[in-house]
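Keep in mind that the numbers below use all heavy atoms, side chains included, and drop hydrogens, waters and symmetry copies. Note that the structure is predicted; figures quoted are calculated from it, not measured.
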Amino acid sequence: MPYSKADNVSEVLARGRLGIPSVLFFVIAAAAPLTVVAGGATTGYAVTGVTGIPVSYLIIAAVLAVFSVGYVAMSRHIVNAGAFYTYVTRGLGRPTGVAAAMVALLAYNAMQVGLYGGFGAVLALFLHDRYGWSIAWWVCALAAWAAVTVLGMLRIDLNGRVLAVMLVGECAVALIFDAVMVSHPAGGTIALDTLAPSHAVAAGIGAALVTAITGFVGFEGTTVFAEEAKDPYRTVARATYLAVAVTGLLYGLSAWAMSVATGPHAIVDAARADGTDLIFNLVSPHLGASVVTIGRVLFITSLFAALLSFHHTVARYLFALGRERVLPAALGRTSRRTGAPKVGSAIQSSTALAVLIGYAAADADPITHLFFWVTVTGGLGVLILMTVTSAAVVAYFAQVDHDEGSWRAAVAPGTATVALHAILFATVNEFDTLLGVNAHSPLRWLIPAAYAVAALLGTTWALILRRTRPDIYAGIGLGAAALTATRHSPNRLHQPA
């Protein structure tokens, strides 16, 4: 089927709207620093029982820094909103690329939808404690859903300004809280036990590492917004490295600061007793009530910022797949007024609404069963994607002419592939610990198996396209160029940069 303007499929997203600060705000907002500090790290301590959470954040930051070398090098050759999907396709072939796309859709939807549980529960608790209002968590979650649905259709640069204000505030509060906790150590002594290198090989490290990697999910989104960047080649690289450095140091510092305030041996029990209130309870005796209240509000807005950022990521993955006709072409449509991928945005909102209704009807725990379990599931999916993408970077540069040098084209991505494989193995092996379920619980295997099923469906669909729609198959992974791909050029994946 030829491509035509009548199809109303956009070749590209709105160009030139995002500079380095805007892209950085989007990806760090997706990582949601205050959400990770107050929610992720605390829940990680409580569920896994591992005291080496600070070390796990620093290990992941180091691994992701190495991963970013090849990832950024790839971004200089390929600019496409499909990110992981596109890179895997160009390095390992179309069937593997479509499999990666299905894994990405499952993973990022899980991250986005899971956050609604945290937002709803935290906002409901805040409204009850502050104003005495008794509102169900799902009502608060639906309010956020409505706001995200509207914002998802607006100009992306306007969304970037909203996220910027939220992000600056939450990072400032996190650092203030860290300073307060470290300056008021339990027992009067600042302990470094939770930063001991021995935690890197301790029992439960796999669970701790996937908890940590969940906190970084979103940093890789720099390439998702590349098409809308003013200078994609410079913007993606700088925003990626800055995102890893800022979040890694902040997470490690904050998780350690909490253990200083409670005492290293009491942090797990304190986290289990106080939950997401832990950090606020630790600083309350030393700060004015208004500052703590501001912190609680910013925790809520941090969750909202992450919801909005992941919504944009999912919508752009759907856009990339619709533009290439891998999924229905309607997904490749953008709003004429704002340039936003309107159909992809609507699909993501509909998916989130269906899940929220299901969890509310089942009366499930929004923190454990939606926020923690589902976002951790998303983190596992992104870990799988990063592992495969590192291998794809090595394969891609081995097949094309380039001037990246051996460090960026082979050594760094090869090292990252090995390290990420090791983390992935440890994660799956200790998934029961991560979920806080019995070792014989079917959940420990069902969740990882869901990604295997998604990958199998993607591979099968790619092979069906190869046989039945070779013109569409030829355009897989080509981005805007897919609109001009023909069945006379079925193997042109490695085009000049």
**Message:** So, taking the atom named CH2 in Trp137 and the one named CZ in Phe119, what distance separates them when rounded to the nearest 0.5 Å?
**Reply:** 12.0 Å

**Item:** Stepwise side chain to side chain contact (heavy atoms under 4.5 Å, CB included) check, Phe371 with Val376
**Value:** CA-CA 8 Å; Phe371 175 60; Val376 159; over 6 Å; no

**Item:** Close side-chain approach of Tyr45 to Ser259, heavy-atom, < 4.5 Å
**Value:** yes

**Message:** Once salt bridge (charged side-chain N to carboxylate O under 4.0 Å, His left out) is applied, what residue pairs with a partner in residues 424-433 remain, sequence neighbours excluded?
**Reply:** Asp432-Arg444

**Prompt:** ring-ring contact (aromatic ring centres under 6.0 Å, His included) with Phe372: which residues, sequence neighbours excluded?
**Reply:** none

**Item:** Ser254 side chain to Asp178 side chain, donor-acceptor N/O pair below 3.5 angstrom
**Value:** yes

**Request:** Could you tell me which residues satisfy salt bridge (charged side-chain N to carboxylate O under 4.0 Å, His left out) with Asp365, sequence neighbours excluded, listed by chain and number?
**Result:** none

**Message:** Does atom CG (Asn438) have a neighbourhood of more than 12 heavy atoms from anything else shown, all under 6.0 Å?
**Reply:** yes

**Item:** Heavy-atom side-chain proximity of Leu250 to Val36 below 4.5 angstrom
**Value:** no

**Complete:** Nearest heavy-atom contact between Leu127 and Cys140 is CD1-SG, 4.3 Å

**Message:** Any salt bridge linking Arg296 with Asp277? Criterion: basic side-chain nitrogen under 4.0 Å from a carboxylate oxygen.
**Reply:** yes

**Item:** Check: Thr86 main-chain N/O paired with Arg90 side-chain donor or acceptor under 3.5 Å
**Value:** no

**Message:** side chain to side chain contact (heavy atoms under 4.5 Å, CB included), that's the test. Do Tyr87 and Tyr71 meet it? Break it down for me.
**Reply:** CA-CA 9 Å; Tyr87 292 1; Tyr71 189 64; 3.6 Å; yes

**Request:** Please check if the side chain of Asn429 supplies one atom and the backbone of Phe425 the other of a donor-acceptor pair under 3.5 Å.
**Result:** no

**Message:** With a 3.5 Å distance limit and no angle check, can you tell me whether Trp138 reaches the backbone of Ala361 through a side-chain donor-acceptor pair?
**Reply:** no

**Item:** Main-chain N/O of Val50 paired with Thr48 side-chain donor or acceptor, under 3.5 Å
**Value:** yes

**Prompt:** Can you check side chain to side chain contact (heavy atoms under 4.5 Å, CB included) on Trp445 and Phe431, steps first, answer last?
**Reply:** CA-CA 8 Å; Trp445 299 116; Phe431 213 65; over 6 Å; no

**Prompt:** Can you check whether Tyr359 reaches Val113 side chain to side chain, under 4.5 Å on heavy atoms?
**Reply:** no

**Item:** Proximity of Phe304 and Tyr116 rings by center, below 6.0 Å
**Value:** no

**Item:** Donor-acceptor pair, side chain of Ser349 and main chain of Thr149, under 3.5 angstrom
**Value:** no

**Request:** Using modelled atom types only, decide if a donor and an acceptor are shared between the side chain of Thr262 and the backbone of Met258 within a distance under 3.5 Å.
**Result:** yes

**Request:** Over all heavy atoms of both residues, which pair between Leu34 and Ala174 is shortest? Give the atoms and the distance, please.
**Result:** CD1-CB, 4.1 Å

**Request:** Report the C-alpha distance between Phe299 and Glu170 in whole Å, list the side-chain angles of each, state the deciding distance to 0.1 Å, and finish with yes or no for side chain to side chain contact (heavy atoms under 4.5 Å, CB included).
**Result:** CA-CA 7 Å; Phe299 180 25; Glu170 65 180 278; over 6 Å; no

**Prompt:** Using 30° and 60° as the class limits, which term best fits the ring planes of His184 and His286: parallel, tilted or perpendicular?
**Reply:** parallel

**Request:** Might you point out which heavy atoms bring Trp256 and Pro54 nearest each other, and give the distance in Å?
**Result:** N-CG, 3.5 Å

**Request:** Spell out, as yes or no, whether a donor-acceptor pair under 3.5 Å connects the side chain of Ser302 to the backbone of Leu298.
**Result:** no

**Asked** What is the distance from atom CD of Gln348 to atom CG of Leu105, rounded to the nearest 0.5 Å?
**Response** 10.0 Å

**Request:** Keeping the roles fixed (side chain from Tyr451, backbone from Thr377), state whether a donor-acceptor pair exists under 3.5 Å.
**Result:** yes

**Request:** Start with the C-alpha distance between Ser345 and His311, add both sets of side-chain angles, then the distance that settles side-chain hydrogen bond (donor to acceptor under 3.5 Å, both in side chains), and finish with yes or no.
**Result:** CA-CA 7 Å; Ser345 183; His311 173 90; 2.6 Å; yes

**Message:** For a 4.5 angstrom cut-off between non-hydrogen side-chain atoms, does Leu331 reach Leu321?
**Reply:** no

**Request:** Verify, without hydrogens or angle tests, whether Gln112 (side chain) and Ala352 (backbone) share a donor-acceptor contact under 3.5 angstrom.
**Result:** no

**Message:** For the aromatic rings, using the six-membered ring if either is Trp, is the centroid distance between Tyr317 and Phe84 under 6.0 Å?
**Reply:** no

**Fill in**
Note: Val55 and Ala196 closest approach over all heavy atoms is CG2-O, 3.5 Å

**Asked** Is the closest side-chain heavy-atom distance between Ile53 and Thr194 below 4.5 Å?
**Response** no

**Complete:** Nearest heavy-atom approach of Ser183 to Ala179 is OG-O, 2.9 Å

**Nearest-0.5 Å distance that lies between atom CD1 in Ile135 and atom CG in Leu125** = 12.0 Å

**Validation row: Val47, Leu435 side chains within 4.5 angstrom (heavy atoms)** = no

**Item:** Minimum side-chain heavy-atom gap Leu443-Trp373 below 4.5 Å
**Value:** yes

**Request:** Rounded to the nearest 0.5 Å, what's the gap from OG1 on Thr42 to CG on Asp274? Could you check?
**Result:** 9.0 Å

**Message:** Measuring from atom CG of Leu253 to atom CE of Met181, what distance do you get when rounded to the nearest 0.5 angstrom?
**Reply:** 8.0 Å

**Item:** Closest approach of Leu106 to Ala450 (non-hydrogen atoms, all atoms of both residues)
**Value:** CD2-O, 3.9 Å

**Asked** Counting only N and O atoms by type, is there a donor-acceptor contact under 3.5 Å from the side chain of Thr89 to the main-chain atoms of Tyr85?
**Response** yes

**Request:** To the nearest 0.5 angstrom, please state how far the CD1 atom of Ile60 sits from the OG1 atom of Thr247.
**Result:** 11.0 Å

**Request:** Check whether any side-chain heavy atom of Met386 sits under 4.5 Å from a side-chain heavy atom of Ile213, and report yes or no.
**Result:** yes

